[in-house]
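Here's a structure for you.
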Amino acid sequence: MGVSRCTVERYRSGKLTTPQKRLQAALVEETESEWQPQVRAQAREQAATSSGMMVEVTAYLGFACRGSSDDGRERSTTTAISPTYAKQILELQEAGATEEDLHPIVVEAITESYFTEWGTRAAGLRADFTYVSKIEFRF
């Protein structure tokens with residue numbers, strides 16, 4: 001970090017309270033490099049097992065339902081998806097899947113959670129992505 005061990009110990013004990021800018025930046029960087037991966041791993045585990053996650057999609061979506069169809073159009077949708085779908089998406093990402101590889105699962109998850117409201121309406125609805133401009137996942 002560019003300082004002696006004694007200097008670090010002085011900060012830890014409270015003898016020194018305001019680190020120099022260079023040291024403060026090094027401390028923040030070191031803390032984030034250790035802390036962030038752990039936090040992300042915990043969030044991913046929780047999303048895959050209990051809470052699910054939010055997915056935001058801007059895509060050209062077309063629909064079909066029991067013989068009728070709705071012409072496709074660009075839609076921006078943000079919805080919560082179930083832990084089941086979250087787990088599948090996270091596993092594919094860990095395996096190196098591209099965003100395009102995720103499209104079938106994402107569209108299925110959005111159809112279930114947003115368009116059919118977990119099976120309470122629009123039975124048999126099928127949605128398809130034809131052009132995706134953005135997919136973003138949040139825990």
Side-chain angles (χ1 to χ4, degrees):
M1 289 190 282
V3 297
S4 70
R5 182 176 187 87
C6 292
T7 301
V8 172
E9 291 300 324
R10 284 188 208 109
Y11 284 113
R12 291 184 67 196
S13 69
K15 291 178 184 173
L16 294 176
T17 57
T18 308
Q20 297 171 353
K21 288 181 183 182
R22 181 176 49 91
L23 175 59
Q24 187 171 4
L27 289 169
V28 167
E29 184 179 323
E30 187 65 27
T31 300
E32 286 178 353
S33 72
E34 293 294 318
W35 180 68
Q36 283 298 323
Q38 294 171 16
V39 171
R40 285 189 189 110
Q42 289 170 353
R44 292 171 73 86
E45 179 65 25
Q46 185 177 2
T49 58
S50 60
S51 67
M53 65 182 169
M54 296 295 291
V55 62
E56 180 178 350
V57 175
T58 302
Y60 193 84
L61 292 164
F63 302 93
C65 183
R66 292 193 183 151
S68 65
S69 68
D70 184 7
D71 288 337
R73 62 185 166 109
E74 186 170 275
R75 299 173 190 256
S76 292
T77 304
T78 302
T79 188
I81 62 172
S82 72
T84 304
Y85 288 113
K87 181 178 181 179
Q88 291 175 12
I89 290 166
L90 293 170
E91 286 174 351
L92 284 171
Q93 285 178 329
E94 288 173 9
T98 65
E99 185 177 289
E100 194 170 307
D101 295 335
L102 300 175
H103 289 181
I105 292 171
V106 172
V107 76
E108 188 177 322
I110 290 172
T111 299
E112 181 183 294
S113 68
Y114 184 79
F115 296 111
T116 66
E117 293 179 358
W118 310 104
T120 62
R121 67 180 182 102
L125 178 79
R126 185 178 53 88
D128 292 310
F129 286 162
T130 54
Y131 170 75
V132 178
S133 59
K134 173 179 141 180
I135 294 181
E136 186 176 304
F137 303 104
R138 293 187 298 256
F139 303 104

Counterpart residues, salt bridge (charged side-chain N to carboxylate O under 4.0 Å, His left out), relative to Lys134 (two or more places apart):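 Checked Lys134 against salt bridge (charged side-chain N to carboxylate O under 4.0 Å, His left out); matches are Glu56.
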Nearest atoms (heavy-atom pairs only) where Tyr60 meets Glu74: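 Smallest interatomic distance, heavy atoms only, reads CD1-N, 3.6 Å.
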Whether Ser113 side chain and Ala80 backbone form a donor-acceptor pair below 3.5 Å: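 Present.
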Contact summary for Thr111 and Val107, nearest pair of heavy atoms: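 Closest heavy-atom pair between Thr111 and Val107: OG1-O, 2.7 Å.
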Which residues share a side chain to side chain contact (heavy atoms under 4.5 Å, CB included) with Ser76, sequence neighbours left out: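 Side chain to side chain contact (heavy atoms under 4.5 Å, CB included) check on Ser76 returns Thr58.
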Joint hydrophobic cluster, Leu92 plus Met54, side-chain heavy atoms closer than 4.5 Å: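 Cluster IDs for Leu92 and Met54 differ.
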Counterpart residues, salt bridge (charged side-chain N to carboxylate O under 4.0 Å, His left out), relative to Glu136 (two or more places apart):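 For Glu136 the salt bridge (charged side-chain N to carboxylate O under 4.0 Å, His left out) partners, ignoring immediate neighbours, are Arg138.
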side-chain hydrogen bond (donor to acceptor under 3.5 Å, both in side chains) against Thr98, all qualifying residues, sequence neighbours excluded: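 Thr98 satisfies side-chain hydrogen bond (donor to acceptor under 3.5 Å, both in side chains) with Asp101 once adjacent residues are dropped.
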Residues forming a side chain to side chain contact (heavy atoms under 4.5 Å, CB included) with Thr49, sequence neighbours excluded: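 Result, side chain to side chain contact (heavy atoms under 4.5 Å, CB included) vs Thr49: Glu45.
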Pairwise distance CD1(Ile105) to CD(Glu91) - rounded to 0.5 angstrom: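 Atom-to-atom, Ile105:CD1 and Glu91:CD are 9.0 Å apart.
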Over 12 non-hydrogen atoms of neighbours within 6.0 angstrom of CD in Glu94: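 Buried by this count: over 12 neighbours within 6.0 Å.
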His103 and Ile135, any side-chain heavy atoms less than 4.5 Å apart: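 Heavy-atom side-chain distance check passes, below 4.5 Å.
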From CZ (Arg44) to CZ (Phe137), nearest 0.5 Å: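 Those atoms lie 10.0 Å apart.
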Quick one: side chains of residues 83-90, donor-acceptor pairs under 3.5 Å with protein atoms, not counting sequence neighbours, listed by atom name and distance.
residue : atom : partner : partner atom : Å
Tyr85   : OH   : Glu108  : OE2          : 2.9
Tyr85   : OH   : Glu112  : OE1          : 3.2

